[in-house]
A.B. asks: 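Sharing a structure, written as structure tokens. Questions coming.
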Number of protein chains: 2
Amino acid sequence: MPRLLNHTVSVEPTAEAAACTAVACRNCGLYQLGRLPGREEADPTLLQRIACSRRQLRKGEYLYRLDEPVRAVYAIRYGSLKSYVLSGDGRLQITGFHIVGEPLGLNDLATGRHTSEAQILEPTSLCEVPLDHLEKLSVEVPSIRSQMLIILSREVQHYQELMLMLGKKNAEERLATFLLGLSSRFEQHGFSPLRFNLSMSRGDIGTYLGIAEETTCRLFSRLQEEGLIRAHRRSVEIRDLDRLRQLALR
Amino acid sequence: MPRLLNHTVSVEPTAEAAACTAVACRNCGLYQLGRLPGREEADPTLLQRIACSRRQLRKGEYLYRLDEPVRAVYAIRYGSLKSYVLSGDGRLQITGFHIVGEPLGLNDLATGRHTSEAQILEPTSLCEVPLDHLEKLSVEVPSIRSQMLIILSREVQHYQELMLMLGKKNAEERLATFLLGLSSRFEQHGFSPLRFNLSMSRGDIGTYLGIAEETTCRLFSRLQEEGLIRAHRRSVEIRDLDRLRQLALR
DNA sequence: CGAGTGGTTGACCACAATCAAGACCCGTGG
DNA sequence: CCACGGGTCTTGATTGTGGTCAACCACTCG
């Protein structure tokens, strides 16, 4: 397995994922699009037809930028990225971090132009499905549109949680919620929920949580002092899941 | 025209709307579902088939509550309501106010259960389309699903703006943004963008903007002192659109 | 006319922002 | 191999915005 990833990497691709030669597979966020009504498993043939091409991107590159026409939807094979919206005077609010196995890019279908930007956080491999291809396919296979609705509706739920965070939680509760969220997403994709590496900086985390970078740092320290976590730079270990949950789930 | 509405009402139904006997019509947020590919105007026959029943609700009633199964999607004929999400310990974050002509209820399709609640703010009339009915129809008319995607994607854009607000704007900028947003929505639906009545309390506005009720009050006073608006209780007049925009669009 | 809800204003305080300095870690090049 | 530089992270000191508590007012409805 080529060592693509440096220490800042959130998760190394598992042997399984690295060995997977399919453009879209179980690990990939578009898997769901391949589901037929009433079936849990995706239809492999359909999946083959959906998946088009891979794309490899380096840290700092943009997947898409503001006002660009929406050309495709994506799924993350490995790696991670952040997406964010911008205010008139350039302040930015990160609206989500996307990690391995998650779909991306359905947000801006209404306008046909991106209202947000997506930037790569670490070496990342994506599966890319051009919109016109998806369009054609979904005429023939209507279930694809249903699945798109479901994915988008999940996105909405994520945003609702984030709004609750930004509007109602204090800084400590926000960080706890953030860490638990990551934890369970890693678990969903077969990684350890208690030990993981962050691919984003303290500044990014702050920009996501609506707090300052310095505050984020202080909170990492505080949670560590209180024994809830152990953290050094990008590596995080959750030591007291229960108390962390207590903090977050308020 | 029956006087259904008291002084707290955001907008009186226009003569046209009141006279409209159709369940779904131009004024109604489901109008868009009746659009066929490439057409601006909705297909009247299709619209007739989509629209099912009306429903009349009073202030304080719930359209749906947390964890209830999603039964239908709605469009507002007249009136308004708020929807909100709840934290573990009962704090609530209002995620949107819905006014005349806007669609509602597509958010929770993924889970099939409501992750938010919707409560009526003033006497309100809705057009209701049961999900199974919509389901059946959209097998036959696939464009319906596309339109649902577009509606949901608009919703996402609204949330992105709200997150920018909650995460990055100060209290004054939030209120300015809020007032301008309402203003342009009223305008879209044929009402005056410079004079309107709010259907929500100061507390609700605060809960939406992530600030305290008292702060909301103070800001109304401040914007009035500075000559940007005139406000008395639920009635608002925008007096200096440009400066208000300057504040909001940062 | 009185009660109750919603709105307003004031005083005080706390949480988190900002400013500032320094430590740590990495990649790079000598 | 080590020295350097830049980015990231950390901690401290100070400030300020907005939260909280409290009292009072205004308007509506019964």
Side-chain angles (χ1 to χ4, degrees), chain A residues 3 5-10 58-60 82 91-93 119 121-123 165-176 178 197-225 229-236 247 250, chain B residues 3 5-10 58-60 82 91-93 119 121-123 165-176 178 197-225 229-236 247 250:
Chain A
R3 174 143 184 96
L5 311 170
N6 64 20
H7 82 290
T8 63
V9 151
S10 53
R58 286 193 300 271
K59 181 177 173 177
K82 61 181 174 186
R91 284 175 280 185
L92 63 83
Q93 173 65 39
Q119 192 176 19
L121 291 171
E122 59 181 327
M165 205 136 85
L166 295 172
K168 288 284 143 2
K169 295 189 182 183
N170 69 24
E172 198 176 30
E173 292 163 357
R174 293 183 201 192
L175 186 57
F178 169 70
N197 287 302
L198 305 169
S199 58
M200 67 295 282
S201 69
R202 299 287 192 265
D204 281 341
I205 297 173
T207 304
Y208 176 64
L209 298 178
I211 58 185
E213 179 179 354
E214 295 93 324
T215 306
T216 311
C217 272
R218 275 184 254 273
L219 287 170
F220 266 98
S221 304
R222 192 151 101 213
L223 291 183
Q224 173 149 325
E225 281 164 30
I229 64 170
R230 261 175 57 83
H232 181 68
R233 304 236 141 192
R234 303 290 176 106
S235 82
V236 176
L247 253 185
R250 266 205 279 166
Chain B
R3 176 144 183 97
L5 311 169
N6 64 19
H7 81 290
T8 64
V9 152
S10 53
R58 284 192 302 270
K59 181 175 173 178
K82 61 181 174 187
R91 284 175 280 185
L92 64 86
Q93 173 65 40
Q119 193 177 17
L121 292 171
E122 58 182 327
M165 202 135 89
L166 295 173
K168 289 282 141 1
K169 294 189 182 184
N170 70 26
E172 198 178 30
E173 292 162 356
R174 292 183 201 191
L175 185 57
F178 168 70
N197 288 303
L198 305 169
S199 59
M200 67 295 282
S201 69
R202 298 290 192 264
D204 280 340
I205 296 173
T207 303
Y208 176 64
L209 298 177
I211 57 185
E213 177 178 354
E214 294 92 326
T215 305
T216 310
C217 272
R218 275 184 256 272
L219 287 170
F220 265 100
S221 304
R222 193 150 102 212
L223 291 182
Q224 173 149 325
E225 280 163 31
I229 63 170
R230 261 175 55 83
H232 181 68
R233 305 236 139 191
R234 303 290 177 104
S235 81
V236 176
L247 253 186
R250 267 206 278 169

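Everything quoted here is computed from the prediction, not taken from an experiment. Labels below follow one simple rule: chain letters A, B, ... track the order of the sequence lines, proteins then strands, and each chain is numbered from 1.
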A.B. asks: Measure CZ/B:F220 against C1'/D:dG18 and give the value in whole Å, please.
C.D. replies: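 Nearest whole value for this atom pair: 17 Å.
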A.B. asks: Answer yes or no: side-chain N or O of B:R233 and base N or O of D:dC27 forming a donor-acceptor pair under 3.5 Å.
C.D. replies: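 Flag unset: no donor-acceptor pair detected.
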A.B. asks: Should we say atom CZ of B:R91 is surrounded by more than 12 heavy atoms from elsewhere, each under 6.0 Å from it?
C.D. replies: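 Counting other residues, nucleotides and ligands, CZ of B:R91 exceeds 12 neighbours.
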A.B. asks: Among the candidates C:dA17, D:dG18, D:dT10, find the nucleotide nearest to the side-chain atoms of A:R202.
C.D. replies: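 Of the options given, the side chain of A:R202 lies nearest D:dT10.
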A.B. asks: Using whole Å, report how far NE2 of B:H232 lies from P of C:dT9.
C.D. replies: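 Rounded to the whole Å, the gap is 11 Å.
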A.B. asks: Looking at B:L247 and B:E173, what are the two nearest heavy atoms and their distance?
C.D. replies: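 Closest approach of B:L247 to B:E173: O-CG, 3.4 Å.
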A.B. asks: Output the rounded distance in Å from CD (A:E225) to P (D:dT11).
C.D. replies: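 Rounding to the nearest Å, CD of A:E225 and P of D:dT11 are 8 Å apart.
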A.B. asks: Tell me which nucleotide among D:dT8, D:dG19, C:dA16 gets nearest to the side chain of A:T215.
C.D. replies: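 Nearest to the side chain of A:T215 among the choices is C:dA16.
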A.B. asks: Would you indicate, yes or no, if D:dG18 has its OP1 or OP2 atom less than 4.0 angstrom from a side-chain nitrogen or oxygen of B:R174?
C.D. replies: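 No.
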A.B. asks: Between B:Q93 and B:L166, is any pair of side-chain heavy atoms under 4.5 Å apart?
C.D. replies: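 Of all side-chain heavy-atom pairs linking B:L166 with B:Q93, at least one is under 4.5 Å.
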A.B. asks: Answer yes or no: does a side-chain N or O of A:S201 lie under 4.0 Å from OP1 or OP2 of D:dT8?
C.D. replies: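 For D:dT8, neither OP1 nor OP2 has a side-chain N or O of A:S201 closer than 4.0 Å.
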A.B. asks: Is B:G210 touching bases, backbone alone, or none of the nucleic acid, heavy atoms closer than 4.0 Å?
C.D. replies: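 Counting heavy atoms under 4.0 Å across all strands, the contact made by B:G210 is with sugar-phosphate only.
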A.B. asks: In this structure, how many angstroms lie between the P atom of C:dA17 and the CD atom of A:E213, rounded?
C.D. replies: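 Interatomic distance, CD of A:E213 to P of C:dA17: 12 Å.
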A.B. asks: For B:D204 and B:L198, run side-chain contact (heavy atoms from CB on, under 4.5 Å): C-alpha distance rounded to whole Å, both residues' side-chain angles, the deciding distance at 0.1 Å, then the answer.
C.D. replies: CA-CA 11 Å; B:D204 280 340; B:L198 305 169; over 6 Å; no
A.B. asks: Check this one for me: any side-chain N or O of B:S221 less than 4.0 Å away from OP1 or OP2 of C:dT8?
C.D. replies: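 It does not, given that no N or O in the side chain of B:S221 lies less than 4.0 Å from OP1 or OP2 of C:dT8.
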A.B. asks: Rounding to an integer number of Å, can you tell me how far B:I211 CD1 sits from D:dG19 P?
C.D. replies: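 To the nearest whole Å, that distance equals 7 Å.
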A.B. asks: Starting from C1' on C:dC15, measure out to CG on A:L175 and report it in whole angstrom.
C.D. replies: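 About 16 Å, once rounded to whole Å.
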A.B. asks: Does A:E214 get its side chain close enough to the base of D:dC9, under 3.5 Å, for a donor-acceptor pair?
C.D. replies: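 Counting by modelled atom types and ignoring angles, no donor-acceptor contact under 3.5 Å is found here.
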A.B. asks: How close or far is atom P of C:dA17 from atom CD of A:E172, stated in whole angstroms?
C.D. replies: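 Roughly 14 Å, once rounded to whole Å.
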A.B. asks: I need the CD-P distance between B:Q224 and C:dG7, as an integer number of Å.
C.D. replies: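 My rounded result for the distance is 15 Å.
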A.B. asks: Looking at the base of C:dG7, is there any donor atom on it, or on the side chain of B:R218, that sits under 3.5 Å from an acceptor on the other one?
C.D. replies: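 Such a pair does not exist between side chain and base.
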A.B. asks: So B:E172 and B:R222, do their side chains get closer than 4.5 Å, heavy atoms only?
C.D. replies: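 B:R222 vs B:E172: side chains touch.
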